[in-house]
Amino acid sequence: QVQLVESGGGLVQAGGSLRLSCAASGRTFSSYTMGWFRQAPMKEREFVGAIRWDGGNTYYATSVKGRFSISRDNAKNTAYLQMNSLKPEDTAVYYCAAAETAWSPGIVQSTHYDYWGQGTQVTVSS
């Protein structure tokens, strides 16, 4: 069982930056694929990006590629989402998720993940 807690959300102006953190409990964090998703009001949850268990591979949605980056510190049981050049359309609740299954094309699907955090609000003003 893994518990995930996101932090770092807030209000930022367009063009600004935020870094979200996802702190995990449990001894097996280092074996999980970690993903980030977001959900805007009246929209479906969408994939943002993911990082392999060892940090050796990352994958991003087209909408955030080049602006967002994901990293992890397995010694601290924490994953990060660095968000730069933020746009109003990035406004959403951001969730981190952990997957026990291996890195695969399925990482873009929410159903690939076994554990979810409670989410943190990111609001980008124009």
Side-chain angles (χ1 to χ4, degrees):
Q1 187 75 12
V2 174
Q3 291 186 330
L4 304 175
V5 178
E6 301 97 335
S7 62
L11 174 64
V12 64
Q13 289 188 332
S17 298
L18 280 176
R19 188 177 82 156
L20 305 184
S21 298
C22 174
S25 64
R27 295 174 293 177
T28 56
F29 171 81
S30 59
S31 66
Y32 294 128
T33 292
M34 296 300 297
W36 287 92
F37 288 75
R38 66 187 182 186
Q39 188 166 19
M42 308 300 291
K43 292 188 177 181
E44 293 187 354
R45 189 170 298 189
E46 66 171 352
F47 173 78
V48 173
I51 186 167
R52 202 173 67 181
W53 66 272
D54 60 351
N57 204 350
T58 54
Y59 185 76
Y60 300 94
T62 301
S63 60
V64 306
K65 195 171 185 179
R67 300 188 298 123
F68 291 11
S69 65
I70 297 174
S71 60
R72 65 190 298 161
D73 185 338
N74 287 343
K76 295 183 178 180
N77 280 9
T78 303
Y80 304 96
L81 176 65
Q82 177 68 43
M83 304 184 294
N84 299 327
S85 302
L86 282 161
K87 305 175 182 180
E89 51 263 44
D90 295 318
T91 295
V93 177
Y94 283 72
Y95 300 90
C96 67
E100 294 179 338
T101 49
W103 184 264
S104 74
I107 58 169
V108 302
Q109 302 294 332
S110 60
T111 52
H112 183 81
Y113 297 85
D114 304 288
Y115 308 102
W116 291 83
Q118 82 290 348
T120 186
Q121 176 70 47
V122 172
T123 302
V124 184
S125 63
S126 57

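Because the structure is a prediction, the values reported are computed rather than measured.
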* Asked: Run the side-chain contact (heavy atoms from CB on, under 4.5 Å) check on I70 and Y60 step by step: do they pass?
  -> CA-CA 9 Å; I70 297 174; Y60 300 94; 3.7 Å; yes

* **Trace of the side-chain contact (heavy atoms from CB on, under 4.5 Å) decision for Q121 with T91** => CA-CA 8 Å; Q121 176 70 47; T91 295; 4.0 Å; yes

* To do: Show the numbers, then the answer: is there a side-chain contact (heavy atoms from CB on, under 4.5 Å) between T28 and E100?
  => CA-CA 9 Å; T28 56; E100 294 179 338; over 6 Å; no

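Annotation: side chain of T101 is in contact with side chain of H112 (closest heavy-atom distance under 4.5 Å). E89 places none of its side-chain heavy atoms less than 4.5 Å from the side chain of V124. For the pair R38/L81, no side-chain contact is recorded, criterion being any heavy-atom separation below 4.5 Å from C-beta on.
Between A50 and W103, the shortest heavy-atom contact is O-CH2, 3.6 Å. Minimum heavy-atom separation, A40 to A92: N-CB, 3.8 Å. Annotation for A24 and L4: closest pair CB-CD2, 3.5 Å, computed over non-hydrogen atoms. Among all heavy-atom pairs drawn from D90 and Y94, the shortest one is O-OH, 2.6 Å.
For the atom pair OH (Y32) and CG (N74), the distance works out to 12.0 Å, reported to the nearest 0.5 Å. Between M34 atom CE and T78 atom OG1 the span is 9.0 Å, to the nearest 0.5 Å. Atom OG of residue S17 and atom CZ of residue F68 lie 9.5 Å apart, to the nearest 0.5 angstrom. One distance of note links CE of M83 with CZ of R67; it measures 9.5 Å at 0.5 Å rounding. With rounding to the nearest 0.5 Å, the separation of CD in Q82 from OG in S21 is 9.5 Å. Here CD of Q1 is found 10.0 Å from CG of D114. Values are rounded to the nearest 0.5 Å.
Linking ILVMFWY residues whenever their side-chain heavy atoms come closer than 4.5 Å, directly or via other members, leaves F47 and V64 in distinct clusters. Neither V93 nor L18 shares a network with the other; the hydrophobic side chains, linked directly or stepwise wherever heavy atoms of I, L, V, M, F, W or Y lie under 4.5 Å apart, form separate groups for each. Residue I107 is not grouped with residue V48 when hydrophobic side chains (ILVMFWY) are merged at heavy-atom distances under 4.5 angstrom, including chains of intermediate members. Cluster membership for Y115 and W36, using ILVMFWY side-chain heavy atoms within less than 4.5 angstrom, is shared. There is a path of hydrophobic side-chain contacts, each under 4.5 Å, that joins V108 to Y95.
Between W116 and F37, the ring center distance clears the sub-6.0 Å criterion.
Side-chain atoms of S25 come within 3.5 Å of backbone atoms of Q3 as a donor-acceptor pair (strictly under, hydrogens ignored). Of the possible polar contacts, none joining the Q13 side chain to the S125 backbone as a donor-acceptor pair under 3.5 Å is found. Judged by distance alone, the side chain of E6 and the main-chain N or O of T120 form no donor-acceptor pair under 3.5 Å.
Taking the ring centre of F29 as origin, the terminal cationic atom of R72 falls inside the region bounded by 6.0 Å and 45° from the ring axis. In this structure, R19 is positioned above the aromatic face of Y80, its NZ or CZ under 6.0 Å from the six-membered ring centre and within 45° of the axis.
The number of heavy-atom neighbours closer than 6.0 Å to OH of Y59, taken from other residues, nucleotides and ligands shown, is 12 or below.
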